Amino acid sequence: MEEILGLLIDWLGGALGTVPLTLIFVFGFDRPRAKRRWFWMVLLTVYLSAMYVVVGVPDWRYITWDPTVNLVPFQDFTTENLLGMALNAAMFAPLGFLLPAYFDRYRSFVPTLDAGILTSLTVELIQLFTFRATDVDDLIMNTMGTILGFLLSKLLLGHRPAVYRGKTDWAWLLGLNIMVILVTVFVRYPLAETLQKMVR
């Protein structure tokens with residue numbers, strides 16, 4: 001039980017900082033929509049907080065320039081690599097599912113596809129400053145996962161493209177990603193370490 005709790009703190013520690021900030025912003029500047037959809041924004045924020053930790057966004061103390069780059073797609077078909085690609089797709093499926101649940105703009109396929117590509121590209125660029133590899137396979141599979149999540153959202157939630165096209169929704173999503181990354185880099189790791197000591 002202690003190991004499970006430790007894992008949750010490790011993955012979700014950043015959400016303790018990002019969720020309150022997110023709710024303050026959306027209720028302050030996007031109140032009509034936030035009143036109806038705040039739950040989806042909370043889930044999206046928690047998801048992004050966990051995802052950026054899982055993909056290796058580092059504590060600022062451990063940022064390093066050690067790039068390993070693969071620009072040749074699908075050159076390794078070992079069982080381990082195929083499993084990794086499937087996990088990458090599964091990891092990004094919640095992004096495609098949650099975006100249309102809150103943002104009107106992402107109830108259309110192309111904007112959601114763009115968001116998946118740009119979010120995945122952000123992850124791959126960040127990994128240039130970690131000990132992880134920047135891999136075109138990850139970019140492709142992350143994008144495929146976003147598409148699957150979008151289709152699942154359409155199937156289960158039945159979203160129709162809104163009359164209001166959400167012209168500023170891209171800025172909201174960009175701001176949310178920047179906030180989550182900054183909290184992860186500068187706040188989340190000391191906070192998680194403190195919480196880990198408290199539960200021991």
Side-chain angles (χ1 to χ4, degrees), residues 2-30 41-71 84 87-96 98-99 102-103 114-143 145-146 168-200:
E2 185 175 327
E3 291 182 4
I4 296 174
L5 183 58
L7 187 61
L8 288 175
I9 290 173
D10 188 41
W11 283 5
L12 302 177
L16 294 176
T18 52
V19 168
L21 288 173
T22 299
L23 289 175
I24 289 170
F25 276 104
V26 295
F27 276 100
F29 301 100
D30 196 26
M41 177 56 80
V42 169
L43 284 184
L44 178 61
T45 304
V46 170
Y47 160 73
L48 288 174
S49 297
M51 185 271 289
Y52 278 120
V53 170
V54 171
V55 300
V57 173
D59 183 343
W60 66 271
R61 295 168 294 182
Y62 302 107
I63 294 174
T64 184
W65 176 253
D66 187 28
T68 302
V69 181
N70 171 41
L71 298 178
L87 290 175
N88 277 334
M91 182 175 61
F92 264 68
L95 180 67
L98 293 171
L99 286 179
Y102 185 86
F103 295 109
D114 292 342
I117 293 171
L118 291 174
T119 303
S120 179
L121 185 60
T122 299
V123 168
E124 297 307 311
L125 291 176
I126 288 173
Q127 288 180 336
L128 292 171
F129 300 92
T130 69
F131 294 101
R132 298 199 175 195
T134 296
D135 197 326
V136 68
D137 291 353
D138 294 347
L139 180 63
I140 294 170
M141 296 310 298
N142 293 346
T143 303
T146 304
T168 62
D169 283 354
W170 67 270
W172 275 104
L173 182 59
L174 176 64
L176 179 62
N177 274 279
I178 291 172
M179 181 185 68
V180 170
I181 291 170
L182 289 176
V183 168
T184 303
V185 171
F186 294 105
V187 177
R188 175 257 166 207
Y189 289 96
L191 180 60
E193 289 172 3
T194 302
L195 292 173
Q196 291 278 15
K197 291 176 183 177
M198 291 174 60
V199 301
R200 286 174 184 167

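Being a predicted model, the structure only gives us computed values, none of them experimental. Just the heavy atoms: all of them, side chains too, but no hydrogens, waters or symmetry mates, feed the values below.
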Taking the side chain as everything from C-beta on, heavy atoms only, tell me whether [X] gets closer than 4.5 Å to [Y].
| X | Y | value |
| --- | --- | --- |
| Leu44 | Leu95 | yes |
| Leu118 | Leu173 | no |
| Met51 | Phe92 | yes |
| Phe103 | Met41 | yes |
| Leu125 | Thr134 | no |
| Val53 | Val57 | no |
| Asn142 | Thr146 | no |
| Leu71 | Val69 | yes |

From [X] atom [atom1] to [Y] atom [atom2], the distance as rounded to the nearest 0.5 Å:
| X | Y | atom1 | atom2 | value |
| --- | --- | --- | --- | --- |
| Thr143 | Asp114 | OG1 | CG | 10.0 Å |
| Leu128 | Thr68 | CG | OG1 | 9.0 Å |
| Leu176 | Asp169 | CG | CG | 11.5 Å |
| Trp60 | Tyr62 | CH2 | OH | 9.5 Å |
| Ile126 | Phe129 | CD1 | CZ | 9.5 Å |

Taking all non-hydrogen atoms of both residues into account, name the closest pair between [X] and [Y] and its distance.
| X | Y | answer |
| --- | --- | --- |
| Ile117 | Leu139 | O-CD1, 3.8 Å |
| Val187 | Pro190 | O-CD, 3.1 Å |
| Gly17 | Pro20 | O-CD, 3.7 Å |
| Val46 | Ala15 | CG2-CB, 4.2 Å |
| Pro58 | Ile63 | CG-CG1, 3.7 Å |
| Asp138 | Ala133 | OD2-O, 4.3 Å |

Examine the side chains of Thr45 and Thr18 and answer whether a donor and an acceptor come within less than 3.5 Å of each other.
no
Any side-chain donor near an acceptor of the partner, Tyr52 and Asn177, under 3.5 Å:
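Looking only at side-chain atoms, Asn177 and Tyr52 do form a donor-acceptor pair, the distance falling under 3.5 Å.
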Quick check: does any side chain N or O of [X] sit under 3.5 Å from a backbone N or O of [Y], one acting as donor and the other as acceptor?
| X | Y | result |
| --- | --- | --- |
| Gln127 | Val55 | yes |
| Ser120 | Gly116 | no |
| Glu124 | Asp135 | yes |

What is the ring orientation for Phe29 with Trp172, classed by angle as parallel under 30°, tilted 30 to 60°, or perpendicular over 60°?
tilted
